[in-house]
Amino acid sequence: MTRNNSSRALANLIENSDGKFFHVSFVKKDGTVREMTARLGVKKYLRGGKKTVSEDQYITVYEPSSASYKNVNRDSILSVRACGIEAVVAR
């Protein structure tokens with residue numbers, strides 16, 4: 001599997017986390033590696049507005065430690081720990 005396909009497989013693991021917390025490591029746009037604990041499905045802090053990122057390219061998650069929503073690029077995911085499963089992209 002190429003890195004792109006492996007990263008997409010890890011993105012599927014995030015999407016199937018059923019709103020539970022997960023840990024993700026990914027490469028940011030500036031090239032640095034970012035790690036965060038986050039979850040999907042949080043709507044409490046939404047303020048309205050329109051989503052401006054492609055849902056095919058990014059996963060929007062809520063990070064409680066910063067109390068904000070973040071976007072994770074599906075193609076840059078390095079590792080995911082969710083639902084008792086830890087997965088890493090093959091290099």
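Just so we're clear, the structure is a prediction, and the values are computed from it rather than from any experiment.
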*If every non-hydrogen atom of C83 is compared with every non-hydrogen atom of S17, which pair is closest and at what distance?*
SG-CA, 3.7 Å
*Any chain of hydrophobic side-chain contacts (each under 4.5 Å) joining V89 to F26?*
yes
_Whether D30 side chain and T32 backbone form a donor-acceptor pair below 3.5 Å_ = yes
*asked:* How close do A87 and L13 get, counting heavy atoms only, and between which atoms?
replied: CB-CD2, 4.3 Å
_Check: V61 and V24 side chains under 4.5 Å, non-hydrogen atoms_ = no
_Taking F21 as the starting point, is it possible to reach V80 by hopping between hydrophobic residues whose side chains are less than 4.5 Å apart?_
no
_Please report the interatomic distance CG(N16) to CG(D18), rounded to the nearest 0.5 Å._
7.0 Å
_Intermediate values then yes/no, salt bridge (Lys or Arg N to Asp or Glu O under 4.0 Å), R81 and E35_ = CA-CA 11 Å; R81 190 170 57 238; E35 294 184 9; over 6 Å; no
Residues 37-49, side-chain donor-acceptor partners within the protein, below 3.5 Å, at least two apart:
unit_1 : atom_1 : unit_2 : atom_2 : d
T37    : OG1    : H23    : ND1    : 3.4
R39    : NE     : G19    : O      : 3.0
R39    : NH2    : G19    : O      : 3.2

*Verify the cluster assignment for M36 and I14: are they in a single hydrophobic cluster under the rule of side-chain heavy atoms below 4.5 Å apart?*
yes
*asked:* Which residues pass the side-chain contact (heavy atoms from CB on, under 4.5 Å) test with T60, not counting sequence neighbours?
replied: K51, V53, Y69, N71
*Are F22 and Y62 connected in the hydrophobic side-chain network, where two residues link if heavy atoms are under 4.5 Å apart?*
no
*Does R8 reach the main-chain N or O of R74 with its side chain, forming a donor-acceptor pair under 3.5 Å?*
no
